[in-house]
Amino acid sequence: TTLAKARELKTQRVKQLISKTIKELLSKDITPTKYKVNKATGIAFITINKYYQSILDEVLNEIGK
């Protein structure tokens, strides 16, 4: 349905924003934390808690750390 597609699209955007923020923090040699991601993006902690660890692992695998 349209609602499900819209929800999925929003989830993708949120995940991309979290990923981008983690990459930016790492590029500045700042240890990414949920708090720092929240401050940089304004995304709610509940949402960050849902996706943070899997995205962090994915980003670390991409950059080889």
Side-chain angles (χ1 to χ4, degrees):
T1 66
T2 305
L3 182 59
K5 287 180 184 177
R7 189 176 295 133
E8 185 178 316
L9 186 60
K10 184 173 182 178
T11 300
Q12 281 181 320
R13 280 195 227 132
V14 166
K15 286 180 176 181
Q16 286 173 343
L17 183 56
I18 293 171
S19 177
K20 179 182 172 212
T21 304
I22 290 172
K23 288 177 185 177
E24 287 174 3
L25 290 170
L26 287 171
S27 73
K28 295 176 185 175
D29 290 332
I30 299 172
T31 305
T33 63
K34 293 176 186 177
Y35 176 77
K36 289 177 184 172
V37 172
N38 168 266
K39 283 295 180 189
T41 62
I43 295 171
F45 276 108
I46 291 173
T47 305
I48 291 172
N49 282 333
K50 231 185 250 186
Y51 305 118
Y52 179 79
Q53 192 58 52
S54 63
I55 293 172
L56 180 63
D57 292 342
E58 192 177 296
V59 169
L60 292 176
N61 283 338
E62 281 178 22
I63 61 174
K65 283 193 176 182

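The basis for the numbers below is simple: all heavy atoms, side chains too, and nothing from hydrogens, waters or symmetry mates.
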field: NZ (Lys50) with more than 12 external heavy atoms under 6.0 Å
entry: no
query: In terms of heavy-atom contacts, does CD1 of Ile46 have more than 12 from other residues, nucleotides or ligands at under 6.0 Å?
result: no
- prompt: Quick check: does any side chain N or O of Asn38 sit under 3.5 Å from a backbone N or O of Lys34, one acting as donor and the other as acceptor?
  reply: no
message: When you group the ILVMFWY residues by side-chain heavy-atom contacts below 4.5 Å and let the links chain together, are Phe45 and Val37 in the same group?
response: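 The answer is no; the residues belong to distinct hydrophobic clusters.
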query: Taking all atoms of both residues into account, what is the closest heavy-atom pair of Tyr51 and Thr11, and its distance?
result: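 Looks like OH-CG2, 3.3 Å.
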- prompt: Once you round to the nearest 0.5 Å, how far does CD of Glu58 lie from CG of Leu56?
  reply: 10.0 Å
If you look only at distance, which donor and acceptor atoms sit under 3.5 Å apart when one is on a side chain in residues 12-26 and the other is two or more places apart or in another chain?
residue	atom	partner	partner atom	Å
Thr21	OG1	Leu17	O	2.8
Lys23	NZ	Glu62	OE1	3.0

